[in-house]
Amino acid sequence: MKKFFEQLRIGFLDTCFIWREEYTHVFRDYGVILFFFALPLVYPIVYALIYNTELVRNTPMVVVDDCRTPLSRKLARDMDASPNAKIISYCANIDEAKDMMHSRECYGILFIPKDFSRKVMRGEQSPVIFYADMSMMLNYKGFLITITDVTTKIGGELQSMALGGESNRQKEVTMNPIPSSSITLYNPEGGYGSFLIPAVLVLILQQSIVLGIGMLAGGIYEKRRLRFYYSEGRNPSNSILHIILGKSICYYSLYILSTIYILRIVPWMFSFPQIAPQWEIYTFMAPYLFSSILFAMTLSVFCRERETTFIIFVFTSLLFLFISGITWPMYAMPPAFRFIGWFIPSTWGVDGYIHLNTMGSTIKDVWNDYLCLWGLTGFYLLTTYLTYFYQFKKDKERGLRGKMQSAAAEEEEEEEINKSTGN
């Protein structure tokens with residue numbers, strides 16, 4: 001029993017030593033400071049400012065009116081009066097309108113045929129043609145909603161005129177026998193920022209952790225510094241667990257303030273949805289941070305140089321956003337991408353955070369996401385252990401002996417080696 005408590009005491013001291021020394025390495029590395037602190041500080045503000053207007057309004061469009069009647073002019077005026085579209089020009093023909101679209105002066109063309117009013121007065125269908133630039137779906141969506149509403153309104157007015165002597169109430173019931181209204185749940189404005197930014201904020205936390213830890217790991221591999229984290233002759237299994245715990249606690253403690261800033265202060269600054277109690281959000285984020293940290297420590301095995309982090313991990317931000325299910329439904333993805341998404345912390349983190357923060361769910365409602373994050377924490381704890389076990393083995397093959405010591409002692413030893421080699 002005495003031996004057990006002695007090993008426990010040594011393990012605790014080793015973990016605290018690694019925790020303290022990892023702080024030293026983080027704050028001496030300007031690149032890591034950039035990823036750990038500057039990126040979470042600046043990126044949320046940049047994204048939130050871009051999408052802060054929430055909706056795209058007054059998208060430029062042009063009109064080609066070959067009919068030139070009061071009815072065709074009313075159609076154009078009603079389009080211009082809507083919040084989504086703004087007529088900037090009346091073109092003489094369709095070719096002139098196409099030239100304006102090709103030069104990006106407008107993003108939509110309303111073409112009213114010559115026989116538009118004549119067909120309407122005969123009681124026939126008279127289609128109008130709308131060309132939209134499909135390079136941006138937000139513009140297309142606004143145009144589609146507007147032209148649907150305007151044509152439906154004008155059709156109702158024409159039908160009302162044709163009913164003759166009936167009362168206004170009878171006309172209203174005849175034109176709209178089943179009244180309906182559309183309410184967007186959890187996002188009444190239909191704003192793009194309220195829809196996208198909460199997911200991006202969660203993803204920023206993960207990517208910041210992955211890039212920072214990857215850069216630290218690249219520096220350790222370059223300078224063969226892993227041997228300074230353990231002592232020769234001790235049980236390798238215990239040493240690996242001490243390293244994992246010490247590093248994880250260090251990174252987690254560094255991200256507590258970043259998490260509060262990103263998930264509380266930024267949404268408050270830009271009036272994004274904040275429904276759930278903060279304690280529930282932070283409770284949910286605990287396994288998310290731990291799983292992201294261990295996920296990054298597992299991936300660090302691929303970082304052979306500090307710069308490798310940029311090549312391997314930067315491009316994954318877009319991929320992780322897509323497979324989180326926020327921009328495209330999960331059930332519509334190929335099975336391979338769904339399978340990959342199960343092993344990415346942001347997939348469960350985004351889903352749970354959106355339900356909590358935007359949809360008003362409780363921690364019990366996102367229990368599946370919560371347990372999956374703890375499951376990933378356990379899974380990546382195992383993979384991180386195997387990663388360090390492999391690196392210990394490589395150190396032994398290179399003849400490097402474990403020699404746990406402080407960062408200052410590491411620097412002194414490196415200087416002596418450089419002097420002896422003439423570097």
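Not measured: the values here are computed from a predicted model.
Heavy-atom neighbours of Phe302 CZ from other residues, nucleotides or ligands within 6.0 Å: at or below the threshold of 12. Heavy atoms of other residues, nucleotides or ligands lying less than 6.0 angstrom from CD of Glu124 number more than 12. Counting non-hydrogen atoms of neighbouring residues, nucleotides and ligands closer than 6.0 angstrom, the CZ atom of Arg68 reaches no more than 12 such neighbours. More than 12 heavy atoms of other residues, nucleotides or ligands shown are found within 6.0 angstrom of CZ on Phe27. No more than 12 heavy atoms of other residues, nucleotides or ligands lie within 6.0 Å of OH in Tyr47, so this atom counts as exposed by the packing criterion. Taking a 6.0 Å sphere around OH of Tyr43, one finds it holds 12 or fewer heavy atoms contributed by other residues, nucleotides or ligands.
Of all heavy-atom pairs between Pro44 and Val266, the closest is CB-CG2, 3.9 Å. Across all their heavy atoms, Thr387 and Thr298 have their closest contact at OG1-O, 3.8 Å. Shortest non-hydrogen contact noted between Asp133 and Arg104 is OD2-NH1, 2.6 Å. Closest of all the heavy-atom pairs between Pro113 and Asp66 is C-CB, 4.2 Å. Nearest heavy atoms, Tyr282 versus Arg264: OH-CB, 3.5 Å. Listed here is the closest heavy atom pair of Ile293 and Ser248: CD1-O, 3.9 Å.
A donor atom on one side chain and an acceptor atom on the other are found under 3.5 Å apart for Asp365 and Thr362.
Separating the CG atom in Asp80 from the CZ atom in Arg77 is a distance of 10.0 Å, to the nearest 0.5 Å. The SG atom of Cys303 lies 4.0 Å from the CZ atom of Phe313; values are rounded to the nearest 0.5 Å. Here CD of Gln207 is found 7.0 Å from OG of Ser346. Values are rounded to the nearest 0.5 Å. Separation of atoms CD1 (Ile243) and OH (Tyr385) is listed at 10.5 Å; rounding is to 0.5 Å. Taking CG of Leu245 as the reference point, atom OH of Tyr252 lies at 14.5 Å (rounded to 0.5 Å).
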Carefully, step by step, assess Tyr353 and Phe284 under the rule ring-ring contact (aromatic ring centres under 6.0 Å, His included).
-> CA-CA 8 Å; Tyr353 178 72; Phe284 179 80; 8.0 Å; no

Side chain to side chain contact (heavy atoms under 4.5 Å, CB included) between Val200 and Tyr51: does it pass, once the steps are laid out?
-> CA-CA 12 Å; Val200 171; Tyr51 296 110; over 6 Å; no

Going through the distances and angles, do Tyr370 and Trp367 end up as a ring-ring contact (aromatic ring centres under 6.0 Å, His included)?
-> CA-CA 5 Å; Tyr370 189 65; Trp367 197 248; 5.4 Å; yes

Test log, rule side chain to side chain contact (heavy atoms under 4.5 Å, CB included), inputs Phe17 and His242 | CA-CA 9 Å; Phe17 173 83; His242 302 159; over 6 Å; no

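Here the side chains of Thr358 and Ile275 are not in contact, with every heavy-atom distance at 4.5 Å or above. Under the 4.5 Å side-chain criterion, counting only non-hydrogen atoms from C-beta, Glu280 is not in contact with Thr283. Asn357 is listed as a side-chain neighbour of Ile281, based on a closest heavy-atom distance under 4.5 Å. The side-chain heavy atoms of Pro287 and Trp348, taken from C-beta on, include no pair separated by under 4.5 Å.
A side chain to side chain contact (heavy atoms under 4.5 Å, CB included) with Asn139 is found for one member of Met137, Lys141, Met136 and no other, namely Met136.
The aromatic rings of Phe36 and Tyr255 lie perpendicular to each other, with more than 60° between the two planes, well past the 30° mark.
Checked for salt-bridge contact, Asp78 and Lys74 meet the test: a charged N lies under 4.0 Å from a carboxylate O.
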